[in-house]
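Input: a single structure, listed below in structure tokens.
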Amino acid sequence: DSSHAHVFIILGASGDLARKKIYPTLWCLFRDKLLPPETYFIGFARSKLEMSDIFKKVQPYMKVKSDEMELLQSFFKINEYMSGNYDSQEDFEKLNELLEAKGKCNRIFYLALPPNIFEPATAQIKGVCMAHESRFTRIIIEKPFGRDLDSYTALSEHISSMFPEEQIYRIDHYLGKEMVQNLMIFRFGNLIFNPIWNNSHVSSVVISFKEPIGTQGRGGYFDQSGIIRDVMQNHLLQLLSIVAMDQPSSTSAEDIRNEKVKVLKCIEPPEMKNVVLGQYVGDPDTEGDSAKGYLDDPTVPDDSVTPTFAAAVLFVNNERWKGVPFILRCGKALNERKAEIRIQFQDVPSNIFNRGCIKRNELVFRVQPREAIYMKVMTKLPGMSFNCEESELDLTFENRFMDAKFPDAYERLLIDVFAGSQMNFVRSDELYEAWRIFTPFLDEIESSKAKPIPYKFGSRGPTEYDTLTKSFNFVYSGTYRWTDASKI
Ligand code: BG6
């Protein structure tokens with residue numbers, strides 16, 4: 001539909017998300033000529049500002065090379081800003097006038113807004129800002145999509161009373177990551193994995209998200225949600241559903257999302273005994289951020305029991321996966337930055353080699369940083385001996401695809417919205433299931449004020465996590481470490 005103008009409207013243009021993510025992403029897409037030919041941007045927020053003020057705020061987050069100054073000017077020229085109130089019909093009528101001035105244009109609204117403004121703003125869009133019939137209107141929204149099953153259901157009913165599902169683009173930015181998109185091709189484009197992708201061969205699946213930073217001033221926001229709502233209920237559960245799903249009948253958004261929902265429907269809420277919660281404390285032997293614990297953040301209440309680390313074991317009770325633990329683990333202020341999916345296979349049934357020398361196979365999708373897929377395998381130690389050695393079949397992306405550019409998740413996802421592809425966006429029933437799974441357990445944690453286990457900033461998290469994984473038959477031998485080949 002590139003023969004008509006496209007207007008991308010950022011509601012909440014003066015906020016954090018717009019400054020750090022949306023404007024810098026739009027700039028990259030513009031610079032790389034990935035947008036439809038006639039595209040304009042309109043920022044909208046309450047603050048009485050000029051576009052030049054917005055740019056001042058945004059520029060520190062934009063990567064601009066010295067020879068791109070002219071291009072940057074052209075980007076500025078297609079941007080406008082207007083201030084207005086989110087519940088004012090008059091202001092949205094003015095916004096509509098700006099839109100009408102671009103002719104019969106397609107309209108994409110990015111709602112970078114706090115949840116309490118969500119309802120009035122969408123009502124105004126629906127009331128006075130919809131595109132002409134022959135053009136599209138699309139709405140992009142981000143988490144939090146409610147904070148439990150009830151609030152999500154209310155929000156969802158509100159949205160669906162105004163916009164049909166095909167107009168709604170719910171972002172989970174993990175779906176825009178290179179390795180996450182690769183999962184499907186890897187699983188369904190190779191013959192060899194599907195036959196072992198089940199409870200006869202897989203012993204456990206560990207899906208991890210680790211960050212070496214604390215809440216860094218976002219403590220106030222974070223304390224309202226905690227790591228389970230911030231990362232586990234969305235990003236990690238999305239990864240789980242793609243790892244566990246059956247092959248969709250096509251790559252259409254609906255076929256894929258149908259398979260993901262089928263997986264989620266087979267998951268019961270985790271049992272409290274299969275959960276580990278942690279909260280970081282400062283490491284007094286260090287200086288700077290890592291010396292401070294979560295409770296030292298002035299925006300966090302002194303008695304907060306909000307977890308900054310969580311691990312939970314889920315089971316997908318279907319024919320393929322019954323009995324296989326899916327261990328989700330996420331935490332802030334840990335020892336490293338890493339997101340990965342680790343599939344551990346069962347023991348070789350009859351080990352004819354030296355006792356103890358055969359270790360389990362593992363297939364690892366390293367989502368970030370330094371994308372890689374590697375398979376832990378046993379091999380003969382080279383030389384005269386007949387000893388076994390743990391090694392790996394390694395597909396490290398930056399070695400194999402040296403010139404490839406890996407777009408940022410947001411770049412890919414925003415292009416998908418222009419193109420009308422919902423494959424990498426979350427459907428309402430997926431979110432319903434996600435909240436169904438996590439709400440009872442969140443309620444239990446919150447009503448019991450369960451005290452999280454303290455762990456030191458920069459550590460691997462509570463050691464109780466290792467006890468948990470061990471009790472679910474995850475074997476960590478400690479004898480092997482993947483060598484990041486790009487660093488050799
Ligand atoms: C966000 C969370 O959704 O994801 C943050 O709110 C987290 O707390 C971030 O830091 C991680 O994203 P990425 O792309 O850096 O792994």
Side-chain angles (χ1 to χ4, degrees), residues 12 15-22 24-25 28 61 63 110-115 140-147 169-183 207-240 242 277-280 289-290 294 297 299-300 304 306-311 328-341 365-372 397 406-414 424-426 430-431 434-435 438 442 452 457-458 461:
D16 220 43
L17 183 66
R19 177 164 59 227
K20 292 186 183 152
K21 268 292 176 216
I22 307 173
T25 303
C28 288
Y61 299 97
K63 289 184 209 114
Y110 199 126
L111 272 61
L113 299 172
I140 307 175
I141 50 180
E142 290 241 8
K143 73 168 198 286
F145 304 108
R147 51 178 293 110
Y169 290 72
R170 296 181 197 80
I171 289 195
D172 182 313
H173 78 284
Y174 265 61
L175 296 179
K177 290 188 189 272
E178 186 67 36
M179 190 54 73
V180 180
Q181 307 215 324
N182 195 8
L183 269 171
I207 304 180
S208 301
F209 166 94
K210 296 170 84 181
E211 261 186 345
I213 51 170
T215 47
Q216 294 194 318
R218 281 170 79 234
Y221 157 77
F222 185 86
D223 203 66
Q224 302 297 311
S225 47
I227 196 81
I228 297 165
R229 289 189 182 87
D230 193 41
V231 173
M232 189 185 276
Q233 182 264 3
N234 38 64
H235 304 327
L236 298 192
L237 196 65
Q238 281 293 325
L239 298 185
L240 185 158
I242 303 174
L277 302 174
Q279 190 184 69
Y280 66 91
D289 260 2
S290 55
Y294 180 65
D297 183 329
T299 58
V300 170
S304 169
T306 301
T308 59
F309 174 99
L328 306 186
R329 180 245 318 237
C330 46
K332 295 204 172 259
L334 295 174
N335 59 333
E336 59 184 336
R337 175 181 302 284
K338 182 167 94 173
E340 66 169 32
I341 300 159
F365 295 88
R366 190 178 171 100
V367 175
Q368 66 186 34
R370 297 184 305 279
E371 292 87 343
F397 276 37
F406 300 120
D408 177 73
Y410 272 84
E411 289 177 45
R412 190 190 311 257
L413 293 178
L414 293 194
N424 300 311
F425 293 84
V426 185
E430 289 181 77
L431 267 172
W435 282 120
F438 282 99
L442 284 163
F457 200 125

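Order of listing sets the numbers, starting from 1, for every ligand and every atom in it. The model shown is predicted, which means the values in this text are computed figures rather than measured ones.
- Remark: distances from the non-hydrogen atoms of D230 to ligand 1 include one below 4.0 Å.
- The aromatic rings of H235 and Y174 sit parallel to each other, their planes meeting at less than 30°, with 60° as the upper class boundary.
- Against a heavy-atom cut-off of under 4.0 Å, K177 is close to the following atoms of ligand 1: 13 (P), 14 (O), 16 (O).
- Each of the atoms 1 (C), 2 (C), 3 (O), 6 (O) of ligand 1 lies under 4.0 Å from some heavy atom of K143.
- Residue Y280 forms a ring pair (Phe, Tyr, Trp, His ring centres under 6.0 Å) with just one option from F309, F222, F457, and that option is F457.
- Atoms of ligand 1 found under 4.0 Å from any heavy atom of F209, numbered from 1 in the order shown, are 11 (C), 16 (O).
- Between K332 and ligand 1, at least one pair of N/O atoms sits closer than 3.5 Å.
- For the 3.5 Å distance criterion, the side chains of D230 and S225 fail to qualify, holding no donor opposite an acceptor.
- Contact atoms of ligand 1 toward E211: 7 (C), 10 (O), 11 (C) (distance under 4.0 Å to a heavy atom of the residue).
- With respect to the salt-bridge test (charged N to carboxylate O, under 4.0 angstrom), the residues R412 and E178 qualify.
- Put simply, the side chain of R229 never gets that close to the backbone of P144: no donor and acceptor are under 3.5 Å apart.
- In this structure, F397 and F406 have tilted ring planes: the angle between them lies in the 30° to 60° band.
- Under a 4.0 Å heavy-atom criterion, Y174 is in contact with ligand 1.
- In terms of protein heavy-atom proximity, atom 12 (O) of ligand 1 is closest to H173 NE2, 3.1 Å.
- Considering backbone and side-chain N/O atoms, Y221 never comes within less than 3.5 Å of an N/O atom of ligand 1.
- The two residues E430 and F425 make their nearest non-hydrogen contact at OE2-O, 3.9 Å.
- Within ligand 1, the atoms closer than 4.0 Å to a non-hydrogen atom of R218 are 5 (C), 6 (O), 8 (O), numbered from 1 in the order shown.
- Nearest protein neighbour of atom 15 (O) of ligand 1, counting heavy atoms only, is Q368 NE2, 4.0 Å.
- Side chain of E142 to main chain of A112: no donor-acceptor pair is present (N/O by atom type, distance under 3.5 Å, no hydrogens or angles).
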